[in-house]
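Data first, discussion second: the structure below is written as structure tokens.
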Amino acid sequence: MRTTTIILGLATLTLVIGLYVSGSPEQGEKLARMQQDIAFKGEGREMALLVLALGLAAFIGYLTVSRRQ
């Protein structure tokens, strides 16, 4: 299967789900509540950002070292 077909299918699926959620106020409220419940707050947010920053730095370091060889 071609990559373009997969990407187009995922974009269509996202659009259909978005239209369904935006058309139903109950589903919209559920989605907003879910986003608030899973959001990182306080120290957890700082820790997540630190882990992401360290991971990005390690990846950039890896690319730098592997390109020289």
Side-chain angles (χ1 to χ4, degrees):
M1 190 178 274
R2 294 179 49 154
T3 306
T4 309
T5 307
I6 293 172
I7 292 172
L8 186 60
L10 290 173
T12 304
L13 181 64
T14 302
L15 181 67
V16 169
I17 291 172
L19 287 173
Y20 174 72
V21 169
S22 67
S24 172
E26 293 172 2
Q27 291 293 333
E29 290 174 12
K30 269 185 176 178
L31 182 61
R33 201 171 332 118
M34 281 175 28
Q35 287 174 343
Q36 289 174 353
D37 289 343
I38 64 170
F40 286 116
K41 295 179 179 91
E43 192 174 323
R45 177 183 233 166
E46 291 178 15
M47 188 63 80
L49 288 174
L50 179 65
V51 168
L52 285 172
L54 290 175
L56 182 61
F59 181 66
I60 290 171
Y62 166 75
L63 288 177
T64 303
V65 170
S66 67
R67 295 265 177 168
R68 290 185 181 175
Q69 295 177 356

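Source: prediction; values computed, not measured.
- For the side chain to side chain contact (heavy atoms under 4.5 Å, CB included) with Ile7, the lone residue among Leu10, Thr4, Thr3 that qualifies is Thr3.
- One distance of note links CG of Leu50 with CD of Glu43; it measures 11.0 Å at 0.5 Å rounding.
- Considering every non-hydrogen atom in both Leu8 and Thr12, the closest pair reads O-OG1, 2.8 Å.
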